[in-house]
2 protein chains.
Amino acid sequence: MKKLENKLEQNKVRPTAMRLLVLKALQNQKAAVSLQDLEMTFEKADRVTLYRTLKTFQDKGLVHSIEDGTGATKYALCQDGCECAPEDMHVHFFCNSCNDTFCLPKLKIPSVSLPQGFIPVETNLLVKGICANCS
Amino acid sequence: MKKLENKLEQNKVRPTAMRLLVLKALQNQKAAVSLQDLEMTFEKADRVTLYRTLKTFQDKGLVHSIEDGTGATKYALCQDGCECAPEDMHVHFFCNSCNDTFCLPKLKIPSVSLPQGFIPVETNLLVKGICANCS
DNA sequence: CATTAAGTTGCAATGAGATTGCGTTTTTAT
DNA sequence: ATAAAAACGCAATCTCATTGCAACTTAATG
Ligand SMILES: [Mn+2]
Ligand SMILES: [Mn+2]
Ligand SMILES: [Zn+2]
Ligand SMILES: [Zn+2]
C-alpha cells in the first residue's frame, strides 16, 4: 500500500515505518483514540514515540485532537476537507456508556453571537450522552 | 455578613470558616478560577481542603466547573437560576490573550440535531478568542 | 561511495494537575 | 458531657503530558 505513504508525503510528513503503522492504526478506528489506546494496539511501541507521532500528525493537519472531559486527549484522523484550523470545526460526541468519542463531521458548530467586545477565533462543541451503538 | 452563610445553608452546605472564605473569594472573581488560582488568593490554605471545598460546592450546585483546554479545571459560581444540571448550560469563553475564562450566562447553547441513535444528555460549548477586556 | 547534516526513535526523568488515605481537629447530635 | 459525624491538614499516590539526551536512521552533499 503506497496510499499510506502518499498521504504522509502529501502532508509533508516523512513516511517512516512507525508513522505508517500509526496511520494505518488510526484508519482502523471507528472512534477517537487516546495515546494509551494507541499504545495498546501495538505489541511493542514506545509511548513517547507515539506521542510525538501524533503531535507531528496534528501539526501537519493529518489528525486533530479532542478534549472530551475524560482527562485524556483523544485523536482522530481528519476527514478529507476537514479544516481543523480555527474555523469549520465539527461537533464531537462522548458516549457516557461505552466511553467512546466520535467525530460528527456532518455537524458544523452553530455560530453564537457573543457580547460586545468578544472576538471568537475557535469554537469547540462537545455533546455527551448515549451513542448510536449503545442506544 | 450572614448572606454568605445563608447561601451555603440554602444549598445544604455547612458554613465552616474555610467555606465562607472560599465562597467570598469566588464572589470577588470576575473570571473563573482554577484550584491554583484560588490557592494563591489565600495566604495560608491547604490545596486539598480547597479542592474538597470546590468539590462539595459543585456537588451542591453552588459552583460549576469548566474545561477550557488549559488542562486545569476552572470553577465559577452559579448564577441565580443557573441549572448546571445537564440541560440549560451556557457558553464559556476562553481568552487567548489574558488566559481568563468567562461564563456567558446569557448565551444558551444552541441545540444540535444529532445523527440517528445519538441521545444527548449534556452539551458543552467553549469559544476561544479575545475577550472584551483585551480587544 | 564516503561523509556529514538533519531528522527520528527509545529510554529515563520530570512536571502538572487531580485524587486518596488517614490521623487530628472541629462540629453536631444524644 | 459524651459519642458520632463531618471537615481539615499533611503526606503520598496516580494519571497523563512533556522534556532531555544519546543512539539510530534517513537524507543530503561532495
Ligand atoms: Mn473530530
Ligand atoms: Mn459558567
Ligand atoms: Zn456508546
Ligand atoms: Zn482577555
Side-chain angles (χ1 to χ4, degrees), chain A residues 2 4-9 11-26 32-60 62-76 94 99 101, chain B residues 2 4-9 11-26 32-60 62-76 94 99 101:
Chain A
K2 294 293 179 192
L4 293 176
E5 290 194 23
N6 287 339
K7 182 154 189 173
L8 290 182
E9 283 168 351
N11 288 75
K12 310 228 200 292
V13 175
R14 297 188 178 182
T16 67
M18 194 71 240
R19 287 168 175 173
L20 288 169
L21 287 175
V22 171
L23 179 56
K24 184 187 286 185
L26 287 174
V33 295
S34 68
L35 181 56
Q36 192 182 167
D37 291 335
L38 190 59
E39 195 181 0
M40 291 191 299
T41 68
F42 293 104
E43 196 60 41
K44 168 197 164 299
D46 184 60
R47 197 181 315 111
V48 177
T49 299
L50 294 176
Y51 169 76
R52 287 196 265 235
T53 299
L54 289 173
K55 261 304 179 58
T56 300
F57 282 8
Q58 185 170 17
D59 289 344
K60 298 308 175 64
L62 268 166
V63 307
H64 60 274
S65 62
I66 308 159
E67 302 293 333
D68 60 10
T70 61
T73 304
K74 304 292 176 63
Y75 300 85
F94 175 76
N99 291 331
T101 299
Chain B
K2 294 295 180 193
L4 293 175
E5 291 194 22
N6 287 338
K7 181 154 189 172
L8 289 182
E9 283 168 350
N11 288 77
K12 308 223 200 298
V13 176
R14 299 186 180 190
T16 67
M18 193 73 241
R19 287 168 176 173
L20 288 169
L21 286 176
V22 171
L23 180 56
K24 183 188 286 186
L26 287 174
V33 296
S34 67
L35 181 55
Q36 192 182 156
D37 290 336
L38 190 59
E39 195 180 0
M40 291 190 300
T41 69
F42 294 104
E43 196 59 39
K44 169 196 165 299
D46 184 60
R47 195 181 315 109
V48 176
T49 300
L50 295 176
Y51 168 76
R52 286 195 265 236
T53 298
L54 289 172
K55 258 310 180 51
T56 300
F57 282 8
Q58 184 169 18
D59 289 344
K60 298 308 173 62
L62 269 166
V63 307
H64 60 274
S65 61
I66 308 160
E67 302 294 334
D68 60 10
T70 61
T73 304
K74 303 292 175 63
Y75 300 86
F94 175 77
N99 290 331
T101 299

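First the proteins, then the strands, lettered A, B, ... as listed; each starts at 1.
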Side-chain donor-acceptor distances from residues 17-26 of chain A under 3.5 Å, at least two apart:
{"residue": "A:Arg19", "atom": "NH1", "partner": "A:Arg14", "partner atom": "O", "Å": "3.0"}

Side chain to side chain donor-acceptor pair (under 3.5 Å) partners of A:Asp37, counting only residues at least two apart:
A:Ser34
B/S/- along nucleotides 16-22 of chain D (protein heavy atoms under 4.0 Å) is SSBBBB-
Give every pair of a protein N or O atom and an N or O atom of nucleotides 4-7 of chain D that lie under 3.5 Å apart, one pair per line with the distance.
{"residue": "D:dA7", "atom": "OP1", "partner": "B:Arg19", "partner atom": "NH1", "Å": "2.7"}
{"residue": "D:dA7", "atom": "OP1", "partner": "B:Arg19", "partner atom": "NH2", "Å": "3.1"}
{"residue": "D:dA7", "atom": "O5'", "partner": "B:Arg19", "partner atom": "NH2", "Å": "3.4"}

Which residues share a side chain to side chain donor-acceptor pair (under 3.5 Å) with B:Lys60, sequence neighbours left out
none
Send over the distance from B:Glu39 CD to D:dG9 C1', rounded to a whole Å.
13 Å
Between the CG atom in B:Leu8 and the OG1 atom in B:Thr56, the distance rounded to the nearest 0.5 Å is 10.5 Å
Which nucleotide span of DNA chain C, 5' end to 3' end, has atoms closer than 4.0 Å to non-hydrogen atoms of chain B?
C:dG17 to C:dT28
Looking at CG of B:Leu62 and OH of B:Tyr75, how far apart are the two atoms once the value is rounded to the nearest 0.5 Å?
14.0 Å
With sequence neighbours left out, write down each residue that passes side chain to side chain donor-acceptor pair (under 3.5 Å) with A:Gln58, or none if nothing qualifies.
A:Ser65
Terminal axes of the helix from C:dC1-D:dG30 to C:dT30-D:dA1 (5 end pairs apiece), angle rounded to 10 degrees, sit apart by 20°
Applying salt bridge (charged side-chain N to carboxylate O under 4.0 Å, His left out), can you list everything that pairs with A:Glu39, at least two apart in sequence or on another chain?
A:Arg47
OG1 of B:Thr101 to CD of B:Glu67: how many Å apart, nearest 0.5 Å?
10.0 Å
For A:Asp46, the side chain to side chain contact (heavy atoms under 4.5 Å, CB included) test, sequence neighbours excluded, returns A:Val48, A:Thr49
Derivation of the side-chain contact (heavy atoms from CB on, under 4.5 Å) call for B:Leu35 and B:Thr73:
CA-CA 7 Å; B:Leu35 181 55; B:Thr73 304; over 6 Å; no
A:Thr70: side chain to side chain donor-acceptor pair (under 3.5 Å) partners, not counting sequence neighbours
A:Asp68
Let me confirm one number: the CG-OH distance from B:Leu38 to B:Tyr51, rounded to the nearest 0.5 Å.
14.0 Å
